[in-house]
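All values below were derived from every heavy atom in this structure, side-chain atoms included, with hydrogens, water molecules and symmetry-related copies excluded. Lettering of chains follows the sequences in order, A, B, ..., and the numbering in each one begins at 1.
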Amino acid sequence: MHAYRTHNCAQLNKENVGDTVRLSGWIHRKRDHGGVLFVDLRDHYGITQIVADEDSPALTLLDSLRLESVITIDGDVKARDAEAVNANLPTGDIEVFARSVTVQSNADELPLIVNSAEDYPEETRLKYRFVDLRRERVHNNIMLRNQVITSLRRRMTDQGFSEFQTPILGASSPEGARDYLVPSRLHPGKFYALPQAPQMFKQLLMVAGFDRYFQIAPCFRDEDLRADRSPEFYQLDFEMSFVTQEDVFQAIEPVLAGVFEEFANGKAVTPAGEFPRIPYAETMLKYGTDKPDLRNPLIISDVTHHFTSSGFGIFEKIVGGGGVIRVIPAPNTNEKSRKFFDEMNDWAKREGFAGLGYVTRKGGEFGGPIAKNHGPENMAKLYDELGLGENDGLFFAAGKEKDAARLAGAARTRVGETLELIEQDCFKFCWIVDFPMFEYDEEQKKVDFSHNPFSMPQGEMEALENTDPLEILAWQYDIVCNGYELSSGAIRNHRPDIMYKAFEIAGYSKQDVDENFSGMIEAFKLGAPPHGGSAPGIDRIVMLLADEPNIREVIAFPLNQRAQDLMMGAPNAVEPRALRDVHVRTVEPPKQPG
RNA sequence: GCGGGUGUAGCUCAGUUGGUUAGAGUAUCGGCCUGUCACGCCGAGGGUCGCGGGUUCGAGUCCCGUCACUCGCGCCA
């Protein structure tokens, strides 16, 4: 007989009645009836009820063991009486009568209870993550993650992509997010950087002629965290040669739609081939963000032209100063109290905005200061233009275009949530396309790249030479699902001449480019295919599929909000000798903990 | 860096207008119970009310400061 088990804890059923078996697992729960004791024995696969009565030599020992102790049971499979069958348990037709028990490991009093769905503080959960991971919800999340990754890998391979590994120790680059740095022992004063993404390497693999690359790639960014942002995360990184933007879309839509359909539990998923493409300018206007949640039916409109001389002083002033007025409809709010509208305004102020104006409408009657100043005829005209009804309220976001769009976007989300307009049980995908190549940097008072400097500008060299830089669009695209940015990608700029020119527009010399991106620019001088790709975030995909609000729920051992590992104690101070080895001296002594 | 929320028993929480010895559930320990499956019943132990200062006859409660966790803004091409 095997040392630990003949079956797992989900395997036994009626057909095993009479068998002598050996099971191992954790004591999930105990029910002690004096003369008879029930133990729910749990392993990765499931739960089996163990029973011991006064005829069982195992009774006393079993009774003395604490929850979560690990035991091995030798016993006999018995059918349960009809009234004792547990229909909720796959093994509920049987139980195992314990003949003997071996304690593999005793458990102390637990910091959190495994057999409960109770919400524990993250601090406790992360400190004892190995216990937390035994709990059903997180255990299932991590297994879902495994299945999603397996499925993604299969789908990519089926499409002719090959999996590669790229270096973890790389070169730091001034572009983009802050790097995690690793000091070099052999090269005093020099540092490696952990990859923010394998961007350069995957492009070099295209230059090397591999045609279709993918990788489940670990990425590291030393920036502050959010609920959907971890400093280390995984991307389905892929790149393709000799492709247009359209080819990239056609390659990845079936993968994403496929994996979502596979694990969405019947929720509706935007079908492959039907992901809407929304230009950046349009999404910023209609949704006030570059990651719109299309489950929210509300659409923002620009009504600036109505307020050039409206009689409403604040708006006139804003419009006169080059600002814009955006509106968010609040459908069927005729029954809503004034408090509802005022609280939206309070919320906007708390968020740091100047405020959120509003117009109420009840049975066709307009209310609120904006309507009063603007006049009922003008308001009716505006409502007709927007196609609004006689019981629809309207929120106003006014200011410089960027601020007004951001406020309108946040207000759209809040109005949609408050009025419960967000469609449930669906995954709505879209592409955001036509990102601007450049933007005007108000702080530095110069034109700069607005997103990725290595994207190919639409119109290529001709556009760079003959178009206002702020008008140039890039072959760059994001995939958005339910308001989460799942990936960003681009058709890359593989032409050194266009690269130099693009950087020149952003104020960088040929020498700057050569110094900072020598590896890539040199490669492009030796025969580079046109190529492009993208990199959907795996943690966010799993988070959406698991219906979790936080990325840490789908990571086995996540760092906390301050990028610490509470279980292992990272980051930690190191021996002075270790610092000497890598030629590092700390300036401030680390704070004494506690 | 900035703003919001939270912090009371191992854990989850309650604690009124500032007023007796800070409570409940759960876990732990002890006792009872032969059919439970969140078993039930009886009992016990368990507290730096995050920390420091202040106001007050009196502070878990009010004020100031600070720390930790968390959510958001900045940041994240």
Distance check, [atom1] atoms only: [N] and [M], in whole angstrom units.
{"N": "B:C39", "M": "B:C49", "atom1": "P", "result": "34 Å"}
{"N": "B:A44", "M": "B:C57", "atom1": "C1'", "result": "37 Å"}
{"N": "B:G7", "M": "B:G45", "atom1": "C1'", "result": "25 Å"}
{"N": "B:C76", "M": "B:C62", "atom1": "C1'", "result": "41 Å"}
{"N": "B:U12", "M": "B:A27", "atom1": "P", "result": "15 Å"}
{"N": "B:G46", "M": "B:G10", "atom1": "C1'", "result": "9 Å"}
{"N": "B:A22", "M": "B:A9", "atom1": "P", "result": "14 Å"}
{"N": "B:G60", "M": "B:G43", "atom1": "P", "result": "29 Å"}

Distance in Å, A:Asn296 CG paired with A:Tyr287 OH, rounded so as to fall on 0.5 Å steps:
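Here the interatomic distance stands at 9.5 Å.
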Nearest-Å distance, [atom1] ([X]) to [atom2] ([N])?
{"X": "A:Glu109", "N": "B:G45", "atom1": "CD", "atom2": "P", "value": "16 Å"}
{"X": "A:Leu65", "N": "B:A27", "atom1": "CG", "atom2": "C1'", "value": "16 Å"}
{"X": "A:Ile27", "N": "B:A27", "atom1": "CD1", "atom2": "P", "value": "14 Å"}
{"X": "A:Leu559", "N": "B:A68", "atom1": "CG", "atom2": "C1'", "value": "17 Å"}
{"X": "A:Ile94", "N": "B:C37", "atom1": "CD1", "atom2": "C1'", "value": "13 Å"}
{"X": "A:Leu37", "N": "B:G40", "atom1": "CG", "atom2": "P", "value": "15 Å"}
{"X": "A:His28", "N": "B:C39", "atom1": "NE2", "atom2": "P", "value": "9 Å"}
{"X": "A:Trp347", "N": "B:C73", "atom1": "CH2", "atom2": "P", "value": "11 Å"}

Taking N and O atoms by type only, does the side chain of [X] place a donor or acceptor under 3.5 Å from a partner on the base of [N]?
{"X": "A:Glu223", "N": "B:G74", "answer": "no"}
{"X": "A:Asp222", "N": "B:C76", "answer": "no"}
{"X": "A:Arg229", "N": "B:C76", "answer": "yes"}

Distance test, side-chain N/O of [X] to OP1/OP2 of [N], below 4.0 Å:
{"X": "A:Gln561", "N": "B:U70", "answer": "yes"}
{"X": "A:Arg562", "N": "B:C69", "answer": "yes"}
{"X": "A:Arg31", "N": "B:U36", "answer": "no"}

Of the options [options], whose atoms approach the side-chain atoms of [X] most closely?
{"X": "A:Arg406", "options": "B:C73, B:U34, B:U70", "value": "B:C73"}
{"X": "A:Arg80", "options": "B:U70, B:C76, B:G35", "value": "B:G35"}
{"X": "A:Asn550", "options": "B:U70, B:C33, B:U34", "value": "B:U70"}
{"X": "A:Asp224", "options": "B:C39, B:G74, B:A27", "value": "B:G74"}
{"X": "A:Leu67", "options": "B:G35, B:U28, B:C71", "value": "B:U28"}
{"X": "A:Asn86", "options": "B:U70, B:C37, B:C75", "value": "B:C37"}
{"X": "A:Phe38", "options": "B:U36, B:C71, B:C75", "value": "B:U36"}

Sugar-phosphate, base or nothing in reach of [X], heavy atoms under 4.0 Å:
{"X": "A:Ser455", "value": "nothing"}
{"X": "A:Pro111", "value": "sugar-phosphate"}
{"X": "A:Ala84", "value": "base"}
{"X": "A:Asp55", "value": "nothing"}
{"X": "A:Gln564", "value": "sugar-phosphate"}
{"X": "A:Glu54", "value": "base"}
{"X": "A:Arg226", "value": "base"}

Does the ring of A:His33 lie flat against the base of B:C39, closer than 5.5 Å centre to centre with planes under 30°?
yes
Check: A:Phe130 ring centroid to A:Phe557 ring centroid under 6.0 Å
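Not close enough - the centres of the two rings lie 6.0 Å or further apart.
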Residue pairs passing the salt bridge (Lys or Arg N to Asp or Glu O under 4.0 Å) test with at least one member in residues 23-35 of chain A, sequence neighbours excluded, are A:Arg31-A:Asp40
Which pairs count as salt bridge (Lys or Arg N to Asp or Glu O under 4.0 Å) when at least one residue sits in residues 548-561 of chain A, sequence neighbours excluded?
A:Glu122-A:Arg552, A:Arg125-A:Glu553, A:Arg137-A:Glu548, A:Arg137-A:Glu553
Is any side-chain heavy atom of A:Val21 less than 4.5 Å from a side-chain heavy atom of A:Ile73?
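Heavy-atom side-chain distance check fails, nothing below 4.5 Å.
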Are A:Arg66 and A:Ile27 side-chain neighbours, meaning at least one heavy-atom pair lies under 4.5 Å?
no
Pick the nucleotide of RNA chain B nearest each of A:Ser450 and A:Val36; which residue has the one closer to the 5' end?
A:Val36
Please tell me which of A:Leu110 and A:Lys30 maps to the more 5' nucleotide of RNA chain B, matching each residue to the nucleotide holding its nearest heavy atom.
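Final value for this comparison: A:Leu110.
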Salt bridge (charged side-chain N to carboxylate O under 4.0 Å, His left out) involving A:Arg540 - partner list, sequence neighbours excluded
A:Asp228
Treat a base pair as Watson-Crick or G-U wobble with both distances under 3.5 Å, then lay out RNA chain B in dot-bracket form, 5' to 3', with | for cross-strand pairs.
(((((((..((((.....[...)))).(((((.......))))).....(((((..]....))))))))))))....
So the side chain to side chain donor-acceptor pair (under 3.5 Å) pairs with at least one residue in residues 469-481 of chain A (sequence neighbours excluded) are A:Ser455-A:Gln476
Between [X] and [Y], does any side-chain N to carboxylate O distance fall below 4.0 Å?
{"X": "A:Asp448", "Y": "A:Lys446", "value": "yes"}
{"X": "A:Arg135", "Y": "A:Asp132", "value": "yes"}
{"X": "A:Arg229", "Y": "A:Glu223", "value": "no"}

Looking at every heavy atom in both A:Phe438 and A:Val447, which two are closest together, and how far apart are they?
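Heavy atoms of A:Phe438 and A:Val447 come nearest at CB-CG1, 3.6 Å.
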Give the minimum heavy-atom separation between A:Leu298 and A:Ile328, together with the two atoms involved.
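Minimum heavy-atom contact is CD1-CG2, 4.3 Å.
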Within residues 117-133 of chain A, residues whose heavy atoms come under 4.0 Å of RNA chain B
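Within this stretch, A:Glu118, A:Asp119, A:Tyr120, A:Pro121, A:Glu122, A:Glu123 sit under 4.0 Å of the strand.
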